[in-house]
Amino acid sequence: MKNTREFLERLVNDKGFAKKFEGVKDLENLKKVAGGEGYDINLAEYKKIQAEATELSDEKLESASGGVNWNKVQGDINGGMQTVFGTLASAIGGATQVAGQIASIAALFKK
């Protein structure tokens, strides 16, 4: 099975995949749907990824974004992972709907 990091990466990059999670309302249901897609996701791994995201250097962030204003993104990181996922989805060309879905899924990890 694929891990939480792989799940989040696909969620950001694949609009069709993200749509499969639109009706998910809790972490257990998220784990069930993700499991059906071949992902074994867990809260501990999500928290580790979240901590790593706040440690990214400006250089790494700029390289990943293709030139996004990282002063704004750094403020977003301080505001929480929901905003970061939304910004990353926007930076890689994701639609507003995908960004909202990612934020909803990120919120499930915090419940």
Check your understanding: At their closest point, which heavy atom of R10 faces which heavy atom of Y39, and how far apart are they?
Key ->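 For R10 and Y39, the tightest heavy-atom pair comes out as CD-OH, 3.0 Å.
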
Check your understanding: Which atom names give the shortest non-hydrogen contact between A34 and I41, and what distance separates them?
Key ->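 Nearest pair, atom of A34 first, then I41: CB-CD1, 3.9 Å.
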
So, taking the atom named [atom1] in [X] and the one named [atom2] in [Y], what distance separates them when rounded to the nearest 0.5 Å?
X   : Y   : atom1 : atom2 : answer
L43 : Q50 : CG    : CD    : 9.0 Å
E37 : M1  : CD    : CE    : 10.0 Å
D26 : K31 : CG    : NZ    : 10.5 Å
K32 : L30 : NZ    : CG    : 12.5 Å

Check your understanding: Would you say the side-chain atoms of E45 pair up with the backbone N or O of N42, donor to acceptor, closer than 3.5 Å?
Key ->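 Not confirmed, E45 side chain does not pair with N42 backbone.
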
Exercise for review: Would you please test Y46 and F7 for side-chain contact (heavy atoms from CB on, under 4.5 Å) and show each step?
Suggested key: CA-CA 10 Å; Y46 173 80; F7 169 76; over 6 Å; no

Check your understanding: Could you walk me through whether D40 and N3 pass the side-chain contact (heavy atoms from CB on, under 4.5 Å) check?
Key -> CA-CA 5 Å; D40 180 21; N3 64 29; over 6 Å; no

Check your understanding: Step by step, would you call I49 with L8 a side-chain contact (heavy atoms from CB on, under 4.5 Å)?
Key -> CA-CA 10 Å; I49 293 165; L8 294 172; 4.0 Å; yes

